Structures are given as structure tokens and as C-alpha cells.
Amino acid sequence: MDPVRYEDYRAVERPTYQEELDAVVAQVARRTGASVEREGVGRAVRTAHGKTYGLLKATVTVGDNQGFHGQGIFARPAVYDAVVRYSNGLGHQRPDHQLGAACGMGIKLFGVPGGSLLADEPDTGTFDLNLINNEVFFANTAYDYMVIEELFAELPEALVNPARRKTWMAEFLTRRGTLADPDGWLWDELFAMLSFTTVPRRNLLSYTYNSMGAFRYGDSIAKIRTVPTAESLAALTHQIVDVGADNEAFRRTLVAEAAERDHSFELQVQLNTDLARMPVDNTSVKWPEELSPWVTVARVDLPRQDIGGDDNLAAADATSITPWRSREEHRPIGEIQRVRQEVYRRSSVERHRINGQERREPAGSAELLG
């Protein structure tokens, strides 16, 4: 089955979108400012992916991709300098046992041709991929995000507290009572949110990381993920992440693995072949692999390296990753992706301002890691 053409996708335009987006952005800015006191670490913290586990030097090698898979920056073989940032998905600075296992892998490529989609940095040459170790997301509209972001801030306590769990899920399901008709309740979104609680605590280098949201892929539409190569997965020696015995188990395991050997991932894309069964505007629904298999288009290599110092955490914390630091051939699509454009930008601006960090894209991995 041939992929759906990008030009056949029609964005959903809701008349209340801009008003809701403005409210979301203001809300995120307030929470970013309040995080200085709330998290108690003397600086502003991201409202999501607040705890950093490390920043690693990487190389991304694009293969000789053919046909529909050879589009955009994946149209011809190339080798890119890059960095990879690992983080926890929640917006807290806490011991690992007080956080869930939803973790992110952010990839930043350097020297990518073409102009960025970010208007305030059109010629930086960087290209980002935001990925997380789950296949689905829990918000699909600006209004969803506005309500759910506040509920998200209560995690993980809300789901482990019996007195709050049921009311929390009811508020989520009904958007805090604004959805009266059960046919409109956020069932897909709630199941997507709860799926994050089933992610096992494992070595960060053993997960598959997904974009969840869709992107333009040249003339097509796709999602993106990374999968550890078979040889890299087999070579892992620190399989157990014991958060009960070690408050910083995720980071210590990552530091140990990075110092001992090289690691590698396959970068894969899944092309959309059916807009009805592979919805762009509902990120809470997994795209069936029987409709379109994942195909490897590049490789991510992490050479053996020392990331154990505090300077590594500082560099990781200052590194901004956004799906909109992209190219027109890979424009993020779907309402929640449009929400991310301004939410991520404003969050980054506020955090760098409060923390006294220069907000500037680096020219290469050496500028970040030496």
C-alpha cells in the first residue's frame, strides 16, 4: 500500500484554538517561574522532562534510502555530528523512586542543510528529535493540554494515593467536568496516560523511543523512533535499574554503560498509509504495524565516553530540544504538535532567562561536551 500524500492531510482548524493556546502558554510560563521554589534546586525546571540523566556525544549516519523512505534529510547518505540527551518525563527534581519510568531521548543533529522552522533561529544548522519510551501520548488539543498539564503536575502522587486516584482519573476523563456527554470523554487519552505507568524501569539504553506525534516526511507523513541495535542491546551489562537501592539509579547506570563501551540505535520511520486507521490528530492511538512497518533510515552511534561530571548535567540542562527545530520537509503536524511549537519555545525562553543561561544553539557537540 502506498503512503498517504502529505498534501492530502487537512489540519483541523477550531475557532477557539488560539485563545486556548494563549492560555496554555501563559500557564506553562507561570509554572516554569514557580518551579524555582516548588522544586527547591535554586533554578527553574522544565514542566516536563525536568530531571536530566546525561548528555552524550553521538554520530547520526543516514543510509542509502530508496523510494518513499529517501525523503527530506534522509534522501541521501550523510554523517552528522550530534548529541543525545536523556531525561525523566515528569517536571520534577526528585529521587528516581519518586518518579515514574517514562523517560525521554532527545537527539540534536548539527550541520543539517536548510532553514529551521523556528523563526528566531533560521540558520543555526541544528535539527532536533523529541522521543519518549512509549508509543502514545495523552493530549491531542490545546484545550486538552491546558487542563491535563495541571493534572500531569500532580503525578506521580495522584495515581499512588487511593484517596486521590479515582477523582484524578474522573477529572482527566471529563476534562474537569467540561465534557458532559460520555461519548466525548477522553478514553483514548486516559488509557494513553495510564500506559506510562506500565513502563518498566530499565537501562535507558535498552528502550525504544518514539516521536508519538506525526511529521511531514517529504511528500509523505511519518512517525519516528529509535531502537537499540541487537548487538548493542546484547552487550548491556547494567540491566537492573534499582531505584529502591539508589536514588540516582538511572543516571549512574547510564554513566557506567557510557564509560564501558560504544552503543548504537537504528533510527526508523513508519509511513502513514491510512489516515482513518493511523490518525494524525489523535496521538493516543497507536499506528498499526500491519498497515505500515517500521523501516530503518539512519543509525545513531554513541561512542564510549565519560559523562560522569557535574559539567555534563549542566550542559544537558541548558540544551534545548524541540520538534520544531526541524525543516519544512519534516514539519510537525497535528494540533498537539502545533501546541508544542510555542509551548516549548516559551518554556525555553523563560527557563534560560530565570537561570541566567544564554539561549543560543551550539555549533557542534564539542561546544557542549568539549
Side-chain angles (χ1 to χ4, degrees), residues 3 53-87 103-112 127-136 199-200 202-218 220-239 254 257-258 260-273 278 286-305 321 323 326-327 329-330 365:
Y53 292 128
L55 188 71
L56 294 89
K57 176 179 173 56
T59 301
V60 176
T61 304
V62 177
D64 184 15
N65 302 308
Q66 303 297 313
F68 294 115
H69 293 95
Q71 301 191 69
I73 72 166
F74 304 103
R76 59 190 62 84
V79 179
Y80 295 104
D81 178 31
V83 292
V84 171
R85 177 183 182 266
Y86 287 101
S87 59
C103 295
M105 179 184 188
I107 306 175
K108 184 183 293 293
L109 284 66
F110 301 100
V112 178
F127 185 104
D128 293 354
L129 294 172
N130 288 65
L131 311 172
I132 197 165
N133 58 348
N134 203 3
E135 296 172 317
V136 289
V199 176
R202 296 204 318 251
N203 189 312
L204 290 165
L205 297 165
S206 71
Y207 289 120
T208 294
Y209 294 88
N210 297 267
S211 66
M212 295 182 292
F215 296 81
R216 178 180 181 180
Y217 195 79
S220 307
I221 296 169
K223 289 186 177 181
I224 299 174
R225 76 177 185 182
T226 60
V227 180
T229 61
E231 59 269 28
S232 187
L233 193 59
L236 294 177
T237 58
H238 303 272
Q239 296 283 355
L254 180 64
E257 286 285 0
E260 291 170 10
R261 66 188 57 79
D262 301 343
H263 302 275
S264 56
F265 294 82
E266 295 179 38
L267 182 63
Q268 301 180 329
V269 299
Q270 183 186 28
L271 299 179
N272 193 305
T273 59
M278 304 172 76
K286 178 185 174 182
W287 286 8
E289 292 187 44
E290 60 267 25
L291 295 181
S292 179
W294 290 94
V295 174
T296 299
V297 295
R299 178 181 168 110
V300 181
D301 287 291
L302 308 177
R304 179 180 174 184
Q305 57 195 286
I321 306 284
S326 188
R327 301 294 180 270
E329 294 84 358
H330 300 291
S365 61

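This chain uses plain numbering: 1 for the first residue, then up along the sequence. Here the structure is a predicted model, which means the values were calculated and not measured.
Side-chain atoms of E329 never come within 3.5 Å of backbone atoms of R327 as a donor-acceptor pair (strictly under, hydrogens ignored). With hydrogens and angles disregarded, a donor-acceptor distance shorter than 3.5 Å links the side chain of N272 to the backbone of M278. The closest donor-acceptor contact from the side chain of Y207 to the backbone of R202 lies under 3.5 Å. The closest donor-acceptor contact from the side chain of H263 to the backbone of E257 lies under 3.5 Å. Remark: side-chain polar atoms of K223 are paired, donor with acceptor, to backbone N or O of M212 under 3.5 angstrom. For the pair N130 (side chain) and G106 (backbone), a donor-acceptor distance under 3.5 Å is absent. Side-chain N or O atoms of N210 include one that pairs as donor or acceptor with a backbone N or O of N134 at under 3.5 Å. Using a distance-only test at 3.5 Å, with no hydrogens or angles considered, a donor-acceptor pair links the side chain of D81 to the main chain of S365. With hydrogens and angles ignored, the 3.5 Å screen pairs no side-chain donor or acceptor of Q268 with any backbone N or O of V227.
Of the inter-residue distances, the one linking R85 atom CZ with L55 atom CG reads 8.5 Å to the nearest 0.5 angstrom. Atom CD of residue E135 and atom CD of residue Q270 lie 9.0 Å apart, to the nearest 0.5 angstrom. Atom-to-atom distance recorded for M105:CE and I321:CD1 is 10.5 Å, nearest 0.5 angstrom.
Closest non-hydrogen pair, L233 versus Q239, comes out as O-NE2, 4.0 Å. Heavy atoms only, all atoms of each residue included: Y53 and C103 are closest at CE1-SG, 4.1 Å. Pairing each heavy atom of S220 with each of F68, the nearest pair is OG-CD2, 4.1 Å. What you find for A58 and V300 is that their closest heavy atoms are CB-CG1, 4.4 Å. A pairwise comparison of heavy atoms in H330 and F215 identifies O-CD2, 3.4 Å as the closest pair.
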Derivation and outcome, side chain to side chain contact (heavy atoms under 4.5 Å, CB included), residues L131 and I107: CA-CA 8 Å; L131 311 172; I107 306 175; 4.0 Å; yes
Derivation of the side chain to side chain contact (heavy atoms under 4.5 Å, CB included) call for T226 and L129: CA-CA 10 Å; T226 60; L129 294 172; over 6 Å; no
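Residues meeting the ring-ring contact (aromatic ring centres under 6.0 Å, His included) test with Y86, sequence neighbours left out: Y209.
S292 and T273 are not linked by any side-chain donor-acceptor pair at a separation below 3.5 angstrom, with hydrogens and angles left out of the test.
The aromatic rings of F74 and Y217 sit parallel to each other, their planes meeting at less than 30°, with 60° as the upper class boundary.
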